[in-house]
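Step one of this worksheet: look at the structure below.
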Amino acid sequence: MTVIDPETQANWVPEADEVDEEEEMPLSLRLSIADTLTLGNATCGFMAVYFTTTGILIPHLTGGQESGMARHSAATAVILMLCAAVFDLFDGLVARKLRSSPMGAELDNLSDLISFGLAPAYFVLVYGMVADDAHQRVAALGAIVVLLAVVLRLARFSCVTMKDGMFQGMPSPFGALTVVSIVLLELPFVATLLAIVGTAWLMVSRVEYPKPRGRLAGAMLSWIVLSMGLLAAWAFDAPSGQLLLQTGCALQLVMGAVIPLFATARRVNNFRDNRREARAAQLP
């Protein structure tokens with residue numbers, strides 16, 4: 001006859017149950033379609049760093065840099081950041097239409113940090129090492145400012161609740177594309193650095209930006225596709241490719257400057273309307 005100790009009986013679990021519990025994947029570890037798109041975002045950001053290193057930095061350090069190869073690598077790196085922005089745009093749309101896993105928000109922040117924090121900051125750093133009129137240490141400081149701005153912006157996004165349809169501060173994908181556009185414009189070093197620091201400030205500011213939904217999402221996607229075409233024309237030295245690229249980069253900067261002005265004007269108008277309504281309510 002088998003005797004079971006009463007003290008150990010309560011802690012005893014059948015082996016079959018243990019196997020079932022181990023085989024069942026926790027809900028928090030199941031990737032959704034939106035999560036897969038988010039991982040595509042992170043992959044594009046990493047590959048942007050790879051092409052910036054192998055096609056621009058290493059040839060410059062070894063003395064074997066060719067302008068055509070550097071141009072192709074720079075264009076490829078920026079196109080990969082644009083692809084990351086497309087993944088970032090669609091993972092939110094898919095998450096709202098279908099579902100997202102419990103770790104979807106964390107994956108999104110981590111991927112954005114790679115693609116729109118590390119990749120553009122590294123692009124600025126390499127620019128400071130290869131440009132003729134650049135200063136490497138000052139450029140490194142500018143790259144750190146960009147990286148920290150994205151870190152602070154993403155951390156605040158996780159903590160601050162904004163009204164529906166609005167971002168507080170320039171979205172990190174828009175900020176990253178503005179930073180690389182500033183570098184590609186090939187402005188004087190001081191002007192380039194000041195514009196980069198100004199973009200970083202906009203990312204951590206309280207200026208409101210609309211979320212890309214509906215027609216705005218379509219317009220953003222069209223702009224990304226157009227930017228890819230401009231970069232390809234520049235990379236393959238198409239006729240007027242340099243002029244087309246500079247025009248696109250200038251338009252990116254104009255949008256970065258105009259949107260805060262419209263947002264500020266709207267806030268001022270809303271403040272005036274609220275004051276007018278409050279005074280009207282106080283009248284007998």
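Predicted model only: the values in this text are computed from it and were never measured.
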Checklist entry - Quick one: hydrophobic cluster around Val190, which other residues, with the 4.5 Å side-chain cut-off, linked directly or via members? => result Leu194
Next on the checklist: Any non-hydrogen side-chain atom of Val183 less than 4.5 Å from a side-chain atom of Ile196?
Outcome noted: yes
Item to check | pair Leu147-Leu113: side-chain heavy atoms closer than 4.5 Å | outcome: yes
Item to check | same_hphob_cluster(Leu110, Val86) at 4.5 Å side-chain heavy-atom cutoff | outcome: no
Checklist entry - If you take all heavy atoms of Ile56 and Ser73, which pair is closest and at what distance? => result CG1-CB, 4.0 Å
Next on the checklist: Can you tell me how far apart CD1 (Ile114) and CG (Asn41) are? Round to the nearest 0.5 Å.
Outcome noted: 8.0 Å
Item to check | Residue pair Met203 / Met170: nearest heavy atoms and the distance that separates them | outcome: CG-O, 3.6 Å
Next on the checklist: Are Val150 and Asp112 packed together at the side-chain level, in the sense that at least one heavy-atom pair is separated by less than 4.5 angstrom?
Outcome noted: no
Next on the checklist: Can you confirm whether Gln252 sits close enough to Trp223 that some side-chain heavy atom of one is under 4.5 Å from a side-chain heavy atom of the other?
Outcome noted: yes
Checklist entry - Which atoms form the tightest heavy-atom contact between Leu185 and Gln246, and what is the distance? => result CD2-O, 3.5 Å
Next on the checklist: Using side-chain heavy atoms (C-beta onward) and a distance below 4.5 Å, is Val138 in contact with Phe189?
Outcome noted: yes
Checklist entry - If Ile, Leu, Val, Met, Phe, Trp and Tyr residues are connected whenever their side-chain heavy atoms lie under 4.5 Å apart, and connections chain through other members, are Leu202 and Leu152 in the same group? => result no
Next on the checklist: Please find the pair of heavy atoms, one from Leu82 and one from Ser227, that lie closest to each other, and give the distance.
Outcome noted: CD1-CB, 3.9 Å
Item to check | pair Leu231-Leu184: side-chain heavy atoms closer than 4.5 Å | outcome: yes
Checklist entry - Nearest heavy-atom pair of Phe116 and Pro173: which atoms, and what distance? => result CE1-CG, 3.6 Å
Checklist entry - So does Ile33 have more than 12 non-hydrogen atoms from other groups sitting under 6.0 Å from CD1? => result no
Item to check | Side-chain heavy atoms of Tyr122 within contact of Leu57, under 4.5 Å | outcome: yes
Checklist outcome for this item: In short, Phe123 meets Ala77 closest at the heavy-atom pair CE1-CB, 4.5 Å
Next on the checklist: Check for me, please, whether Trp234 and Leu253 land in the same ILVMFWY cluster - side-chain distances under 4.5 Å, paths through other members count.
Outcome noted: yes
Next on the checklist: Side chains of Phe167 and Glu208, heavy atoms from C-beta outward: is any pair under 4.5 Å?
Outcome noted: no
